[in-house]
2 protein chains.
Amino acid sequence: MTVSTRRTQDQRSTETRRLLLAATVQMLMDVGYANTSTAGIAKRAGVSRGAQTHHYPSKMALIVAATEEMFANFAAGLEALAADMRSGALDYDTFFEAVWDEVLKGDWFYSSLEIIVAARGDTELREQLAPLILDLHERLEAIWSQTFVAVSPDAITPRVALNLALNVFRGMAVQAVLRRDEGYFREMLMALKVMLASHVKPATGTA
Amino acid sequence: MTVSTRRTQDQRSTETRRLLLAATVQMLMDVGYANTSTAGIAKRAGVSRGAQTHHYPSKMALIVAATEEMFANFAAGLEALAADMRSGALDYDTFFEAVWDEVLKGDWFYSSLEIIVAARGDTELREQLAPLILDLHERLEAIWSQTFVAVSPDAITPRVALNLALNVFRGMAVQAVLRRDEGYFREMLMALKVMLASHVKPATGTA
DNA sequence: ATTTAAAAACAGGCTGATTTGTTTTTATGA
DNA sequence: TCATAAAAACAAATCAGCCTGTTTTTAAAT
């Protein structure tokens, strides 16, 4: 179709930024932070080097913007799963498996792991990302508090218990880089559920 | 002292390799994998580029050798702590805190995290490291089995429980990169102990 | 409504610095 | 004397950021 619709400047900018951010996350997933270059991102996004630096003047600006969007997307996805469970559309087991599945097979966890580890060796990057992680944690803790209750007054609180669960998922996902053992995952998830069940339950009665 | 003792060739080689491996781990800790270069390692080790490539012809060879030694050191350190607890020289709480302390403040976990994450984006590196992680896991599981017993026949096995604990530590340490919150660590460790206590205890009666 | 000027978006190449691996030369140990 | 370890220089490739020029969109003037 040769008819070309004129786009506004804002539409052009938004589209270019979207392409760059998506290409950034995809490249982090595919080849890791150490092998992610600004030229490689521009190529994958199908935009020029000039357009790339016009919108994101430095590699760090690009990485931080991609991280911000990724964190927002993860929190939104987790909130959607939690809302489904609160409403009864999803049971506890399915919720639990879906979160682990998202960590292992989604494109959030590993790309954010790449960035977090890169930030460990880069003070400036770490400083720029620290507020983003605080914001994400606040959103996660709001989700836990809305979605789970303690099974008894002296049980571990949902906030602590679900953060512990998320740490187990993180630890398993790191280990999965070099050793992908579905049997090991299975038994770890089973053990985690057993341990959690002594302390928290969903706010609905679906457990 | 200007007197210099003549060293054997083997002593010279061993010393150069030791310097290179130590410098590799130190640089990974200090600046991360993405900022670790072979020239930087040689400089920190105080050896020339030629000596470096004589012993380790590629960056990957250097990284793999450093990983192998690091994994061996970690397993040995953990085994020493476990032996102390089995012998009664260390109680359970102290053992537990010492392991977490080693993960957070020692130079094993973060340098291995840097390497594991780098391996995620590098198929060849991943293939070379996979056997090393299998070996490490076997050593860890031998330590768990020798050091802990289940509190009852239907409790979670020590192998699974302690691997879960290690995953919690890994997850916490990843999160600590951007958010170092001692209060959060404290409550996570307390919660973990409570959960573990329902399933495992030390093979000695010191708990 | 049309034209023109200004601003923004974009394209592609360039530069200095850095990287890893290779080659040649030198020093040391056997 | 020979072999090995080490030093130093070199080559080619890659990197991020910057630059100049072009195209598209917007705003102002007529």
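Quick note on labels: first sequence line is chain A, next is B, and so on, each numbered from 1.
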Task: Distance in angstrom units between Glu15(B) CD and dA6(D) P, rounded - done: 10 Å

- [ ] Could you tell me the separation between the CE atom of Met60(A) and the P atom of dC15(D), rounded to a whole number of Å?
- [x] 17 Å

Can you give me the N/O atom pairs linking the protein to nucleotides 3-7 of chain C at distances under 3.5 Å, or say none if there are none?
none

Task: Residues Glu79(A) and Arg139(A) bridged, charged N to O under 4.0 Å - done: no

Open item on the list: How many whole angstroms separate atom CD1 of Ile63(A) from atom P of dG17(D)?
Closed with: 11 Å

Open item on the list: Measuring from atom OG1 of Thr36(B) to atom CD of Gln26(B), what distance do you get when rounded to the nearest 0.5 angstrom?
Closed with: 10.5 Å

Task: Nearest heavy atoms of Ala75(A) and Ile143(A), plus distance in Å - done: O-CD1, 3.9 Å

Task: Whole-Å distance separating the CG atom of Leu19(A) from the C1' atom of dC10(C) - done: 13 Å

Open item on the list: Of the listed nucleotides (dA9(C), dA5(D), dG21(C)), which one gets closest to any side-chain atom of Ser58(B)?
Closed with: dG21(C)

Open item on the list: Does a side-chain N or O of His54(A) approach OP1 or OP2 of dA9(C) to a distance below 4.0 Å, or not?
Closed with: yes

Between side-chain atoms of residues 94-102 of chain A and protein atoms elsewhere (two or more places apart, or another chain), which donor-acceptor pairs fall under 3.5 Å?
from     : atom 1 : to        : atom 2 : distance (Å)
Thr94(A) : OG1    : Asp91(A)  : OD1    : 2.6
Glu97(A) : OE2    : Arg186(A) : NH1    : 3.3
Glu97(A) : OE2    : Lys193(A) : NZ     : 3.1

Open item on the list: From CZ of Arg17(A) over to C1' of dA8(C), roughly how many Å is that when rounded to an integer?
Closed with: 12 Å

Task: First encountered from the 5' end of DNA chain C, between Arg12(A) and Arg12(B) - done: Arg12(A)

- [ ] Output yes when at least one side-chain N/O atom of Thr8(B) is less than 4.0 Å from OP1 or OP2 of dG29(C), else no.
- [x] no

Task: Between Arg170(A) and Gln175(B): side-chain donor-acceptor atoms closer than 3.5 Å - done: yes

Task: Nearest to side-chain heavy atoms of Thr16(B), which nucleotide of dA6(D), dC10(C), dA9(C) - done: dA6(D)

- [ ] Would you mind checking if Arg12(A) and Glu15(A) are paired as a salt bridge, meaning a charged N to carboxylate O distance below 4.0 Å?
- [x] no

- [ ] Mind calculating the distance between NZ (Lys59(A)) and C1' (dT14(D)) to the nearest angstrom?
- [x] 12 Å

- [ ] Take atom CG of Asp10(A) and atom P of dT26(D), then tell me their distance rounded to the nearest Å.
- [x] 9 Å

Open item on the list: Determine whether Met60(B) and Asp122(B) satisfy the following criterion, side chain to side chain contact (heavy atoms under 4.5 Å, CB included), listing intermediate values before the conclusion.
Closed with: CA-CA 10 Å; Met60(B) 183 168 305; Asp122(B) 187 324; 3.8 Å; yes

TODO: Kindly determine whether Phe71(B) and Asp135(B) satisfy side chain to side chain contact (heavy atoms under 4.5 Å, CB included), including the steps that lead there.
DONE: CA-CA 9 Å; Phe71(B) 280 4; Asp135(B) 179 66; over 6 Å; no

Task: side chain to side chain contact (heavy atoms under 4.5 Å, CB included) assessment of Asn163(A) paired with Glu141(A) - done: CA-CA 8 Å; Asn163(A) 276 342; Glu141(A) 297 194 356; 3.0 Å; yes

Open item on the list: Please give me every residue in residues 25-53 of chain A whose heavy atoms get under 4.0 Å of an atom in DNA chain D, ordered by residue number.
Closed with: Thr36(A), Ser37(A), Thr38(A), Ala39(A), Arg49(A)

Open item on the list: What is the separation between atom CZ on Arg7(A) and atom C1' on dA9(C), rounded to the nearest whole Å?
Closed with: 10 Å

